[in-house]
Enquirer: 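Quick one: this structure, given as structure tokens, is what I'll be asking you about.
What you see below is based on every heavy atom in this structure, not just the backbone, and it leaves out hydrogens, waters and symmetry mates. Bear in mind the structure is a predicted one, so any value in this text is a computation, not a measurement.
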Protein chains: 2
Amino acid sequence: MATGRTHRPANRSRGIPEATVARLPLYLRALTALSERSVPTVSSEELATAAGVNSAKLRKDFSYLGSYGTRGVGYDVEYLVYQISRELGLTQDWPVVIVGIGNLGAALANYGGFASRGFRVASLIDADPEMAGKVVAGIEVQHSDGLEQVIEDNDVSIGVIATPAASAQPVCDRLVAAGITSILNFAPTVLSVPDGVDVRKVDLSIELQILAFHEQRKAGELSDEDAEELPQGAGEVTASPVAPPAASVTKRGSGSGKSPAGASGGTSGRNGEPGSDGDVPAVMPA
Amino acid sequence: MATGRTHRPANRSRGIPEATVARLPLYLRALTALSERSVPTVSSEELATAAGVNSAKLRKDFSYLGSYGTRGVGYDVEYLVYQISRELGLTQDWPVVIVGIGNLGAALANYGGFASRGFRVASLIDADPEMAGKVVAGIEVQHSDGLEQVIEDNDVSIGVIATPAASAQPVCDRLVAAGITSILNFAPTVLSVPDGVDVRKVDLSIELQILAFHEQRKAGELSDEDAEELPQGAGEVTASPVAPPAASVTKRGSGSGKSPAGASGGTSGRNGEPGSDGDVPAVMPA
DNA sequence: CAATCTTTGTGCACGCGTTCACAAAGACAT
DNA sequence: ATGTCTTTGTGAACGCGTGCACAAAGATTG
Ligand SMILES: NC(=O)c1ccc[n+]([C@@H]2O[C@H](COP(=O)([O-])OP(=O)(O)OC[C@H]3O[C@@H](n4cnc5c(N)ncnc54)[C@H](O)[C@@H]3O)[C@@H](O)[C@H]2O)c1
Ligand SMILES: NC(=O)c1ccc[n+]([C@@H]2O[C@H](COP(=O)([O-])OP(=O)(O)OC[C@H]3O[C@@H](n4cnc5c(N)ncnc54)[C@H](O)[C@@H]3O)[C@@H](O)[C@H]2O)c1
């Protein structure tokens, strides 16, 4: 069972599935809350509800860590908090550098949830000379020049990128060259990094677009109640090919109240706009 | 295509897999960049590289939308931009309300990527009377009292929660009651909503913890080579679930371990496990 | 028009993740 | 001890997502 090793290039770290790793912080949060209320034990059912997952899934997740529960009773809260913390590497302090102290970077620096989980802001870095010296969240912002030094001095291995998209890759390269091996990227760009470096991204825009997709689907669903079941075939594909007429806001089914209010007054012409939002061509590496 | 599209997989929204939907914004971003450079067509290979995905995956993703490519040539950039935009519902304006205009909420309000994709900030809401009236990102912050009215007036269906965790659920309930059916939650809490309401969450803390997990694993990888992960004191571990010890913080050792990139290709010894299992100090700040 | 070259669209196999369902483990009562 | 009751830990089935590999479609050239 524990196997999994052999000569596999598997990304399966130590037998713990990635999906499980992603949920451990969730469990930890719920357990911490219980701990603060001095609750001694929890059943998988209770904890699962608190964490918003299926209880079987939770039990299986925990089974990867070991048998820490007691049948007929449940899990010891304190003990489990410790085990998960250890597994996640939170029993040690992780110095972090944040690069790009703008709106977002400053908010992140001020974020309390940072320190409360063992992450310590080792330094705030910004390329703007104007920013250097300013104090944000009690820390003095440093100019990019000192980036490498800070990383080395504090043995930092986690970096957060909150610069404009155009600067993300260059900054990333510098971070990696300086020894960073884990990056949390907030810029809307695909970062390319060498093997051995982990990158996770947070993209607000993408999240909203996904919501919009489902929202649109909900709106359309209401219009054709009956046809719900059957395959609506390729109905829509029939649309005329050729280039899209930019401006036109195609309203869909509407039906129920929730129709996008784009109509309100002007269209503020979306589209045809400066892609200024910061998308940068991903160049064309190898 | 044409293969007998059998029964509807029920969960599949209109036949488009969730994983695909999540990647569409990625493709769209890459395509927009190409469009701005007036590139007429792209091959799946090029686009896939730009979006950071496998080309086969990209082609399969597009196949769910229809056959928009031309064999031997590739995809028409403009046309594809339009098709994906339409599929995601971005051909219409989506008014959004942001609740909780603190550090994060303000940063979000100032975020340009918002508007550039068809999302329009309809209103900024905060419970703090002090905030009401202040102008953030060119918009006047409104007090929570007007929440329902704003949602109705603007026919808002997407809400962003950036309040402290404690307020998230109550705020969520109000939003839902007022007609919101899609929520983007930044507060570190599990929100419970009725069926029909979509919730997506962005949790910085969780992302960092996942990175820490992998970071820890990388560090451990260098140390030992092939040790059984058998818990030595089996009886000890399972038997007494005594409370975890608390001790001092351990400094990250190694110091040299950085950049294992060189050995990337191969089977670098895996396994891992924090070398010292028996006595890892635990520090779990509240 | 035929030959060749390029690139799409997808059938297929595989592995991961999720969930069900239940035997076994232990707590607790008698 | 014995029986009952609760809850864990996990075997097994299933569905989704991924990526390979290739036939077919169309462009392009001669
Ligand atoms: N603000 C948000 O809510 C939000 C949400 C999602 C994503 N983002 C993304 O996060 C990034 C930052 O957003 P923001 O609103 O804070 O932008 P911002 O313009 O307010 O801040 C960017 C900061 O980065 C600094 N910077 C620029 N180039 C740099 C470099 N090479 N090295 C170091 N620092 C550099 C700038 O001086 C500036 O202080 C952007 O990529 C944006 O798309 C922001
Ligand atoms: N700052 C970050 O980078 C960051 C990162 C990840 C997650 N978060 C989370 O995002 C949330 C906001 O973080 P922040 O740093 O902006 O906090 P903050 O304290 O700066 O801002 C919170 C704002 O919400 C308002 N508020 C409180 N209760 C409200 C209610 N019931 N209705 C409307 N408004 C209300 C407050 O008046 C305040 O303006 C928190 O849950 C935090 O954990 C923040």
Enquirer: Do Arg117(B) and Trp94(B) have side-chain heavy atoms sitting under 4.5 Å apart?
Expert: no
Enquirer: Determine whether the side chains of Thr49(B) and Glu45(B) contain a donor N or O and an acceptor N or O closer than 3.5 Å.
Expert: no
Enquirer: Name the residue closer to the 5' end of DNA chain D, choosing between Gly72(A) and Asp61(A) according to the nucleotide with the nearest heavy atom.
Expert: Gly72(A)
Enquirer: Would you check if Arg200(B) and Ile183(B) make a side-chain contact, meaning some heavy-atom pair closer than 4.5 Å?
Expert: no
Enquirer: Please report, rounded to the nearest Å, how far the P atom of dG17(C) is from the CD1 atom of Ile16(A).
Expert: 12 Å
Enquirer: How would you label the contact of Phe62(B) with the nucleic acid (heavy atoms, under 4.0 Å): base, sugar-phosphate, or nothing?
Expert: nothing
Enquirer: On the nucleotide dT7(D), are OP1 or OP2 found under 4.0 Å from the side-chain N or O atoms that Ser44(A) carries?
Expert: no
Enquirer: In whole Å, I'd like the distance from the CD atom of Glu18(B) to the P atom of dC16(D).
Expert: 12 Å
Enquirer: To the nearest Å, how far apart are Asp76(A) CG and dG26(C) C1'?
Expert: 15 Å
Enquirer: Near DNA chain C, counting only heavy atoms under 4.0 Å, which residues of residues 50-60 of chain A show up?
Expert: Asn54(A), Ala56(A), Lys57(A), Arg59(A), Lys60(A)
Enquirer: What is the separation between atom CZ on Arg71(A) and atom C1' on dC28(C), rounded to the nearest whole Å?
Expert: 17 Å
Enquirer: Return the 5'-most residue of the pair Glu45(B), Ala19(A) with respect to DNA chain C, ranking by each residue's nearest nucleotide.
Expert: Glu45(B)
Enquirer: Apply side-chain contact (heavy atoms from CB on, under 4.5 Å) to residues Val53(A) and Asp61(A) and explain how you reach the verdict.
Expert: CA-CA 11 Å; Val53(A) 303; Asp61(A) 282 342; over 6 Å; no
Enquirer: Choosing from dG17(C), dG26(C), dT8(C), which nucleotide comes nearest the side chain of Ser43(B)?
Expert: dT8(C)
Enquirer: State yes or no: are the ring centers of Tyr68(B) and Tyr79(B) separated by less than 6.0 Å?
Expert: yes
Enquirer: To the nearest angstrom, how far is Tyr75(A) atom OH from dA25(C) atom C1'?
Expert: 13 Å
Enquirer: Should Leu65(A) and Thr20(A) count as side-chain neighbours, where that means a heavy-atom distance under 4.5 Å?
Expert: no
